[in-house]
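Per chain, numbering begins at 1; letters A, B, ... match sequence-line order.
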There are 2 protein chains.
Amino acid sequence: MSGNRPSSRSRILAAAAALARDAGPGKLSLDAVAGRAGVSKGGLLYHFPSKAALMTGLVEDYIAEFEANLDEAVTRDDSGEALMKAYVAMSLKSLDEKQPPASWIFSAMAEDPDFLDPFNDFRRKLLQRLLAGSADRTRTLLAYLAIEGMHSLKLFGADLLSGDDRDAIDAYLLSGSTETPASPEE
Amino acid sequence: MSGNRPSSRSRILAAAAALARDAGPGKLSLDAVAGRAGVSKGGLLYHFPSKAALMTGLVEDYIAEFEANLDEAVTRDDSGEALMKAYVAMSLKSLDEKQPPASWIFSAMAEDPDFLDPFNDFRRKLLQRLLAGSADRTRTLLAYLAIEGMHSLKLFGADLLSGDDRDAIDAYLLSGSTETPASPEE
DNA sequence: TTTACTGTACCGTCTGGACGGTAATGTCAA
DNA sequence: TTGACATTACCGTCCAGACGGTACAGTAAA
């Protein structure tokens with residue numbers, strides 16, 4: 001779809017994500033995005049011919065970045081173990097950022113829940129890969145859901161976990177599933 | 001705030017929740033809610049003088065119902081065990097409903113994320129109660145987060161878990177809390 | 001008389017989007 | 001070499017409609 005990246009397109013996407021994050025998902029209007037991206041509204045609509053296209057771009061961009069990061073973390077050791085490890089590490093890192101990276105997801109839901117279909121498909125595939133390489137299916141499921149839960153809490157602005165609790169969860173998630181009890185890495 | 005319940009008020013709230021669920025959170029306009037509730041717009045604004053008041057009502061109503069259900073399930077045996085059991089049972093039951101009960105949460109987020117502050121406070125207190133009565137803190141945290149994760153997935157329309165997987169998670173959540181999941185102790 | 005509405009009319013603002021430019025760059029035939 | 005046209009990448013304006021909210025007159029029951 002996009003062989004080379006024209007700078008404006010990605011700037012618009014970044015502006016939209018930042019706007020949803022900073023001003024709230026309800027403030028994600030075309031005018032506001034255009035203004036923040038330093039582009040006229042006409043210019044925005046040139047790159048994204050409708051608001052729906054903008055939302056789709058946001059979703060696809062998010063998935064692409066997620067996949068790229070995951071691939072980078074896994075490099076070539078695509079055993080289930082390595083994938084899970086990379087996923088957990090990535091997720092915990094993203095949880096440590098001050099602001100949730102995907103606040104635009106609320107705008108997408110309000111606009112049309114179907115916008116999230118590709119995202120949900122992606123998640124389904126990811127979970128399947130995770131489970132395929134897992135020695136303990138229930139444990140992997142549990143870990144996945146716990147991460148999902150933490151992301152959800154963060155997205156909704158609920159800061160429920162104390163540092164100690166977060167540490168306990170981290171320790172559980174980072175500990176190996178069956179094999180070598182995983183001495184502290186990194 | 002409401003000693004006795006005038007029927008219209010709760011009808012409006014129910015209509016709003018149903019509308020967000022059926023038509024999508026983006027369609028939650030005052031006109032639409034009034035129409036669905038069988039009330040004129042003036043009547044709606046009589047009960048909820050602003051849209052913000054409506055959202056607040058939605059949140060408060062949700063919390064109140066949640067608490068009532070939980071209290072009912074716990075009855076009087078308020079040991080930590082019983083509370084957790086009731087919470088798990090309630091949550092799993094709500095996950096089995098076809099439609100998520102709180103789709104309006106996206107409208108609230110889009111309108112103003114602060115609307116969820118009371119809800120998050122409530123969740124914080126609940127988690128504290130849950131943890132206070134827990135023999136295995138990490139396990140309780142994990143269970144809470146996994147439930148949160150499943151609710152989040154459902155809210156976002158992601159149907160990722162197979163029946164067997166759901167059964168495995170249910171079994172884990174419903175099993176007594178004395179045993180730690182298969183994790184290497186550190 | 002108060003409470004709890006209904007119904008209609010209206011207002012200002014915001015929003016998505018259509019549209020008509022336009023400037024720069026490239027393509028290509030005569 | 002040059003003129004004609006095409007494409008890309010925007011800008012700025014305008015508009016119809018939706019929205020939240022106000023105002024107010026009326027009504028029917030307690």
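Contact check, H47(B) against dA4(C): no side-chain N or O comes under 4.0 Å of OP1 or OP2. Between S8(A) and the phosphate of dC10(D), there is a side-chain N or O to OP1/OP2 separation shorter than 4.0 Å.
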Got a list of side-chain donor-acceptor pairs under 3.5 Å for residues 152-159 of chain B, not counting sequence neighbours?
residue: K154(B); atom: NZ; partner: S94(B); partner atom: O; Å: 3.4
residue: K154(B); atom: NZ; partner: L95(B); partner atom: O; Å: 2.8
residue: K154(B); atom: NZ; partner: E97(B); partner atom: O; Å: 2.1

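In this structure, CD of E111(B) is placed 14 Å from P of dC14(C), rounded to the nearest angstrom. The nearest whole Å value for the distance from the CZ atom in R11(B) to the C1' atom in dA4(C) is 12 Å. Atom CG of L30(A) is separated from atom C1' of dC14(C) by 12 Å (rounded to the nearest Å). When rounded to the nearest whole Å, the span between NZ of K27(A) and P of dC14(C) equals 11 Å. In this entry the distance linking CG of L28(B) with C1' of dG20(D) reads 13 Å, nearest Å. dT3(C) atom P lies 17 Å from atom CZ of R9(B), rounded to whole Å. For the pair K51(B) NZ and dT22(D) C1', the computed distance is 17 Å after rounding to whole Å.
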When you compare the protein's N or O atoms with those of nucleotides 28-30 of chain D, which come within less than 3.5 Å of each other, and at what distance?
none

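Of the residues in residues 31-46 of chain A, those lying under 4.0 Å from DNA chain D by heavy-atom distance are V39(A), S40(A), G42(A), G43(A), Y46(A).
Relative ring orientation between Y87(A) and F66(A) is described as tilted, the plane-to-plane angle lying within the 30° to 60° band.
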Could you walk me through whether D112(B) and K51(B) satisfy the salt bridge (Lys or Arg N to Asp or Glu O under 4.0 Å) test, starting with their C-alpha distance in whole Å, then the side-chain angles of each, then the deciding distance to 0.1 Å, before giving a yes or no? CA-CA 11 Å; D112(B) 183 352; K51(B) 191 173 189 186; over 6 Å; no

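Between the CG atom of L116(A) and the CZ atom of R123(A) there is a distance of 7.5 Å, given to the nearest 0.5 Å. One distance of note links CZ of F106(B) with CD1 of I105(A); it measures 8.0 Å at 0.5 Å rounding.
Between D96(A) and K93(A) there is no salt bridge, since none of the side-chain N atoms of the basic residue sits less than 4.0 Å from a carboxylate O of the acidic one. Residues D121(B) and K125(B) are not paired through a salt bridge, judged by the lack of any N-O separation under 4.0 Å between the basic side chain and the carboxylate.
For the pair R139(B) and Y172(A), the cation-pi criterion (under 6.0 Å, within 45° of the ring axis) is not fulfilled.
Residue-environment remark: CD (E65(A)) stays at or below the threshold of 12 foreign heavy atoms within 6.0 Å.
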